[in-house]
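Down below is the structure, laid out as structure tokens.
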Amino acid sequence: MTCCTMDAESVLALSTTSSSAEEVRLASQPLGEGLRQLDLSVPDVHCGGCISTIERALLTLPFVKTARVNLTARRVTCVYQEEIETRATDPSKILAAINSAGYRAHLFTPSAPENDKTRNQLLLAIGVSGFATANIMLLSVSVWSGADAATRDMFHWISAMIAAPALVYAGRFFFKSAWNALRHGRTNMDVPISLAVTISYAVSLWETVHHGEHAWFDASVSLLFFLLIGRTLDHVMREKARAAINGLARLAPRGALLINPDGSRRYIAVEEIAVGDEISIAAGERVPVDSVVVSGESDVDLSIVTGESSPVAVASNSEVSSGAMNLTGSLVLRATRIAKNSLLSEIIGLMEAAEGGRARYRRIADRAAALYSPVVHLLALVSFLAWGILGGDWKQAMLVAVTVLIITCPCALGLAVPVVQVVAAGELFRKGIMVKDGSALERLAEADTVAFDKTGTLTMGSPRLVGVDTMDESATAIARGLAEHSRHPLSQALVRDTETAPISFDSVTEIPGGGLKARNGADIYRLGNTAFAGGTSFVPRTADSPYSEVVLSKNGVDLARFFFDDTLRPGAYEATDRLGAAGLETLIVSGDRQTVVDNTAHALGIDRAFGSLTPKQKVEECQRLNGQGRRVLMVGDGINDAPALAAAHVSMAPATASDIGRQAADLVFFNERLDAVPEAIAVARRSASLIRQNFALAIGYNVLAVPIAIAGLATPLIAAVAMSTSSIIVVTNALRLNAFGKRRDMKIRGGIGRSAEVKAA
Amino acid sequence: MNMLIYLIPIALLMGGMGLLAFLWSLKSGQYDDLQGAAWRILAEDETDERKP
């Protein structure tokens with residue numbers, strides 16, 4: 001059972017997710033009466049055990065009123081008192097409590113709950129149309145089983161009265177969308193739906209008024225009922241993924257400690273930071289806006305901003321860009337740009353500009369509708385004219401035309417795509433992969449080239465010790481003893497990857513931008529970069545090698561050198577292997593140095609690797625491949641990848657990615673393994689072929705049913721039964737995807753680069 | 001024949017009651033966390049509310 005187990009790395013990460021009381025208060029909403037509501041994202045909750053652990057941990061805090069975990073959205077909603085007995089409470093204890101229970105918790109601002117409203121409206125519409133369908137069917141069955149004139153009329157009238165409000169209420173989604181499409185000179189699936197529903201109601205009413213034998217109230221309402229199910233499934237799938245993706249940790253900090261000219265400090269929101277303001281950033285915090293260092297020395301981690309894998313030392317007058325993580329020392333910065341003009345916002349601008357390529361993509365259902373609806377309308381019109389002219393009975397002609405519209409109504413077609421996509425998204429969700437919307441699955445099935453980012457995607461962005469160069473056996477133990485005092489990623493790697501017992505020292509100090517310095521008796525040990533450990537006398541051996549180098553010296557004498565490399569993401573070999581076996585081409589696009597990138601590419605057997613790319617160049621590379629007719633799947637995590645993620649045909653990001661990286665990606669995978677990529681492609685291709693089958697089934701049904709309707713042989717009973725049967729067949733077919741997911745040996749199947757062509761008859 | 005005058009309104013009323021029950025469950029947020037609800041059945045006691 002993998003549930004609720006935490007790996008060592010996430011436990012380490014727990015210590016870095018601390019927030020100040022001010023920040024937490026800023027993130028919570030006032031509810032009145034001294035109560036505030038805090039929404040937290042807790043990406044690790046899996047099961048019932050997690051729910052009760054977290055809720056119990058929170059309720060032991062005296063100021064917490066209620067705590068409720070939402071497992072679907074992976075969130076915790078916590079209501080707490082602002083003060084107890086006139087003393088202000090410390091809401092950051094809420095995060096601390098969740099952390100100590102073993103879960104990561106992140107602040108997030110809940111977006112307007114509008115999205116959920118749409119889902120509730122859709123569910124309401126299903127409820128109403130379901131109610132109407134059930135009751136009208138009941139009455140219709142009585143009519144079919146031989147109710148005579150007066151009774152039949154009464155039943156028809158009751159049906160009409162039930163149907164009218166139900167159609168207006170439940171059908172408004174389709175009417176609105178159809179009207180919108182028509183107004184812009186386009187047509188979509190909703191146009192024939194709206195037409196069939198309104199015309200069949202009108203004709204049925206006319207029939208009822210004239211004591212006719214047949215009325216189609218049941219058909220028009222049940223049609224809406226089935227279509228609403230498809231529409232709701234589509235919507236729920238999209239929202240579920242979006243909630244989980246948006247709810248993850250925010251990369252951009254929400255505030256910073258402002259240093260006033262008189263020396264006092266105040267916590268303010270990021271948007272309030274003005275150019276020239278001085279802000280204080282402690283070790284472990286992210287830089288909120290582009291700024292220069294006023295005082296202090298430190299190392300900053302730029303991996304999520306530029307893809308550069310080794311930390312960069314900064315001192316007075318160095319520029320730091322927003323999103324960088326301050327690692328070792330505290331800094332005082334002077335803002336050079338406001339939040340709106342900082343690097344983060346520039347990237348967002350670049351991203352929006354790059355999204356054009358994807359916006360042109362038309363969903364399979366719409367492509368089908370473009371072919372389907374004119375054919376259906378033409379058929380109905382032709383049969384109307386033919387029956388009218390040849391038969392001379394225009395009333396009969398009208399009835400036949402309506403029957404054609406009802407029987408061909410894209411009920412099965414409307415379900416064909418969303419049902420498959422919901423089943424596929426559920427399958428992927430169980431594997432820890434979130435899909436933002438259905439079209440992402442369609443596009444993923446078409447991908448034939450995979451472009452990987454390096455740092456954070458192919459590699460974990462955390463260093464690993466790969467070599468020690470020393471004459472002295474005890475050097476490793478000394479280095480480890482020193483490294484235990486630091487939070488620098490290289491030090492942590494040194495501690496993690498060595499097994500010797502560490503040596504203790506009299507005193508250890510960390511010099512930001514340099515390394516660690518320790519005294520043991522009269523000896524001075526230094527562990528850090530070459531300049532720090534040996535001054536100018538040492539020459540770095542790895543000037544152009546892919547490794548990061550750390551030197552240990554004793555009283556200025558070179559004792560040992562440690563070489564570090566980035567850890568490959570688990571499953572990276574298997575992933576690139578399986579992609580290659582399935583005929584997909586792989587390449588690397590990275591912002592890191594070319595030598596480092598080449599090294600990773602070599603390790604994974606990838607032929608084409610581009611290093612030192614700016615975000616803009618990544619986009620250009622994607623567009624160049626697009627221009628060659630390739631469908632690119634971009635996999636990346638950093639801020640610098642976001643524009644390329646938006647520009648590619650389809651994109652994936654790990655859950656550890658930056659906020660805007662996740663926003664830009666179509667799919668987000670929560671497990672660490674890179675296997676998620678070929679697995680997602682396999683499921684997407686399988687669902688693409690199921691969608692094609694469903695279209696074939698739906699069209700086959702039409703081919704059978706339409707001649708019957710045109711010949712005037714269809715009774716309402718036949719129409720209703722046929723319509724329901726075709727829908728049920730389509731749903732059953734979609735469920736076959738589940739059986740596919742349970743098979744162990746999943747291979748990527750389906751044609752490569754073959755788009756799901758829809759040939760509607 | 002005459003019993004239809006009673007039976008149809010009764011049928012509609014019962015259906016309408018079902019509809020109202022559904023509306024109520026929707027409004028009270030019972031569909032907000034379906035996965036969580038599945039697990040909460042197994043929890044021994046309700047932990048989300050502090051006793052006053």
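By convention in this document, chain letters (A, B, ...) are assigned in the order of the sequence lines, proteins followed by strands, and residues within each chain are numbered from 1. What you see below is based on every heavy atom in this structure, not just the backbone, and it leaves out hydrogens, waters and symmetry mates.
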Pairwise distance CZ(Arg119(A)) to CG(Leu26(B)) - rounded to 0.5 angstrom: 6.5 Å
Euclidean distance, Leu12(B) CG relative to Asn135(A) CG, rounded to 0.5 Å: 5.0 Å
Taking side chain as C-beta onward, heavy atoms only, is [X] less than 4.5 Å from [Y]?
X: Ile8(B); Y: Leu139(A); result: yes
X: Val69(A); Y: Arg40(B); result: yes
X: Lys27(B); Y: Asn120(A); result: no

Greatest number of heavy atom pairs closer than 4.5 Å to chain B - which of Leu71(A), Ile162(A), Leu123(A), Val79(A): Leu71(A)
Top of Gly36(B), Ala37(B), Gly18(B) for chain A proximity - count of heavy-atom pairs under 4.5 angstrom: Gly36(B)
Distance-minimising heavy-atom pair for Ile51(A) and Trp39(B): CD1-CB, 4.3 Å
Segment of Asn70(A) engaging chain B (4.5 angstrom heavy-atom cut-off): both
Residues, nucleotides or ligands: over 12 heavy atoms within 6.0 Å of Glu33(A) CD: no
